[in-house]
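This report concerns only the one structure given below.
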Protein chains: 2
Amino acid sequence: MYTVKEIAQKTNLTEHTIRYYTDKGLVPNIQRDKYNNRLFDEESLNWLIRVKYLKDCGMSIKDVKHFVDLYLEGDSSIPLRYEIILKYREIAREQLEEATRRVEFMEEKAKRYHKIINQVISDNR
Amino acid sequence: MYTVKEIAQKTNLTEHTIRYYTDKGLVPNIQRDKYNNRLFDEESLNWLIRVKYLKDCGMSIKDVKHFVDLYLEGDSSIPLRYEIILKYREIAREQLEEATRRVEFMEEKAKRYHKIINQVISDNR
DNA sequence: GTCTTGACTTCGTGTTACTCGAAGGCACTA
DNA sequence: TAGTGCCTTCGAGTAACACGAAGTCAAGAC
C-alpha cells in the first residue's frame, strides 16, 4: 500500500494533482487508512497510470470520469469503451505525428542558431 | 495580406486564440487596416507558426513573449535565444518519447478490447 | 508528559490559457 | 435602408490544476 507521496514519485504527478484526481472520482475504490489518509494498492496505481494516459491524449477530467464509470458498470459497457479507446488511439497517433514535426522544427532551429554563432566566431579569428 | 479568419484556417488556431496571441504581443509588427482589422503578411504568419511550436513544447505565453522580445532586441540576444531553443529541443524530444509510449499504450488497449469482443462473438456461435 | 517534526487532511483562493458572447463599427448587396 | 457578413473590443466564464493556510494524528527527542 502506497501513500500519496510515494505515488507522486512513481507516476511523476504532483501530490496536489493526485488528490484532485481521486476527489474527482478518477480512481475507483480508493482506500483510506484509519487517519483518513489515501492508500493506493497496485490496482489503484494502475488506474492512475491509465488515467494519465487518457488525460495526455487530451481527454477531459469529465470524460475520464465517464470512462471510469463505464468500467464500473461492468462488461456490458465494453463495446462503448472500445469505441472510446479507438477514438483516442487515433488522437494519440496524431499527437505522435505532431510531436515528430515539433522535434524536426526545434532541431532545424537549433542547427540554424548553431551555424550563426559559429560563423561569428570564425569571423573574429 | 490575410485576415484573422484566413490565418485561423491556415494555422488551425481559433480566431479567438489568434486575437489573444496578438494582443499579448506574441506576433511582432502586426499590421492593421484603416478599419482597425488585423492584417497578417507572410512574416506574421510565420511568427504565429513559430509561436505555436514553442507553445506546444510547453512554453508559457509569458516566456514566448520574452523570446519574441529577445528577437526584437537584435543579434546580441542570439546566444541566449540559442540556449532557450536547446532547452525546448530537449523538451520536444521527451514529448516525442512520451507520445510514442502513449500510442503503444492505446494500441495495446485497443487490441485487448478487440480480442474480448471477438471472443464473445465466437462464444455465441 | 510535552514538544517538535513530519506527513497527511480539507478547503478556499489564485493562475494560466484560453473560450465565449455581447455590443458595436463598417461596407457591400438586394 | 435593411440585412448580412466580417471584423472589433471587452468583460465574464471555464478547465485543470497550483498553492497555502489551518488542522489532525503519531512517533521520537528530551
Side-chain angles (χ1 to χ4, degrees), chain A residues 1-27 29-41 44-45 47-69 88 91 95 98 102, chain B residues 1-27 29-41 44-45 47-69 88 91 95 98 102:
Chain A
M1 295 294 235
Y2 311 107
T3 65
V4 170
K5 191 166 202 175
E6 289 167 330
I7 293 293
Q9 287 166 345
K10 278 177 191 287
T11 58
N12 219 19
L13 293 166
T14 71
E15 300 182 33
H16 278 295
T17 304
I18 291 168
R19 292 199 191 96
Y20 181 73
Y21 285 179
T22 57
D23 290 352
K24 289 279 168 180
L26 306 191
V27 183
N29 305 322
I30 177 102
Q31 312 267 64
R32 300 278 187 152
D33 69 8
K34 58 176 175 171
Y35 312 118
N36 205 29
N37 297 340
R38 291 168 186 78
L39 278 186
F40 292 77
D41 55 15
S44 305
L45 173 57
W47 258 111
L48 208 49
I49 292 168
R50 272 173 236 154
V51 165
K52 202 189 172 196
Y53 275 120
L54 293 175
K55 279 240 70 234
D56 288 348
C57 290
M59 201 188 276
S60 70
I61 297 280
K62 204 175 144 189
D63 288 349
V64 174
K65 167 76 174 145
H66 180 227
F67 188 82
V68 172
D69 288 345
Y88 282 94
I91 292 175
Q95 286 177 337
E98 272 178 50
R102 205 150 55 230
Chain B
M1 294 295 236
Y2 311 106
T3 65
V4 169
K5 190 167 203 174
E6 290 168 328
I7 293 293
Q9 287 166 344
K10 278 177 191 286
T11 58
N12 218 20
L13 292 166
T14 72
E15 299 182 35
H16 276 294
T17 303
I18 291 167
R19 292 199 191 96
Y20 180 73
Y21 284 179
T22 58
D23 290 351
K24 290 277 169 181
L26 306 191
V27 183
N29 305 323
I30 178 103
Q31 311 267 64
R32 299 277 187 152
D33 70 6
K34 58 177 174 170
Y35 311 118
N36 205 29
N37 297 339
R38 290 167 186 79
L39 278 185
F40 291 78
D41 55 14
S44 306
L45 173 57
W47 258 112
L48 208 49
I49 292 168
R50 271 173 237 154
V51 165
K52 203 189 171 197
Y53 275 120
L54 293 176
K55 278 242 69 234
D56 288 347
C57 289
M59 201 188 275
S60 70
I61 297 279
K62 204 175 145 191
D63 288 349
V64 174
K65 167 74 173 146
H66 180 227
F67 188 82
V68 172
D69 288 345
Y88 282 93
I91 292 175
Q95 285 177 337
E98 272 178 49
R102 206 149 54 229

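Keep in mind the model is a prediction, meaning the values are calculated, not measured. In what follows, every chain begins at residue 1, and chains take the letters A, B, ... in the order their sequences are listed.
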Please determine, for the side chain of [X], which listed nucleotide ([options]) has the closest atom?
X	options	value
B:Lys5	D:dC6, D:dA18, C:dA17	D:dC6
B:Lys55	C:dC8, D:dC7, C:dA17	C:dA17
A:Val4	C:dT9, C:dA17, D:dC17	C:dT9
B:Tyr20	C:dA17, C:dC8, D:dT9	C:dA17
B:Asn37	C:dA17, C:dA7, D:dT8	D:dT8
B:Asn36	D:dC17, C:dA17, D:dT9	D:dT9
B:Arg38	D:dC17, C:dA17, D:dT9	D:dT9
A:Thr14	D:dA16, D:dA18, C:dT10	D:dA18

Discussion item. Judged by each residue's nearest nucleotide on DNA chain C, which is more toward the 5′ side, B:Lys62 or B:His16?
Written reply: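 Result: B:Lys62.
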Item to complete: Can you measure from CZ (B:Phe67) to OH (B:Tyr88) and round to the nearest 0.5 angstrom?
Response: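 One finds 10.5 Å between CZ of B:Phe67 and OH of B:Tyr88.
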Show me the protein contacts with nucleotides 22-28 of chain D, counting only N or O atoms at under 3.5 Å.
from: D:dA26; atom 1: OP1; to: A:Tyr35; atom 2: OH; distance (Å): 2.8

Worksheet item: At under 4.0 Å between heavy atoms, what does A:Arg19 touch on the DNA or RNA strands: base, sugar-phosphate, or nothing?
Response: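 Contact class for A:Arg19: base.
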Worksheet item: Without hydrogens or angle criteria, can the side chains of B:Gln31 and B:Arg38 be said to hold a donor-acceptor pair below 3.5 Å?
Response: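 B:Gln31 vs B:Arg38: no donor-acceptor pair found between side chains.
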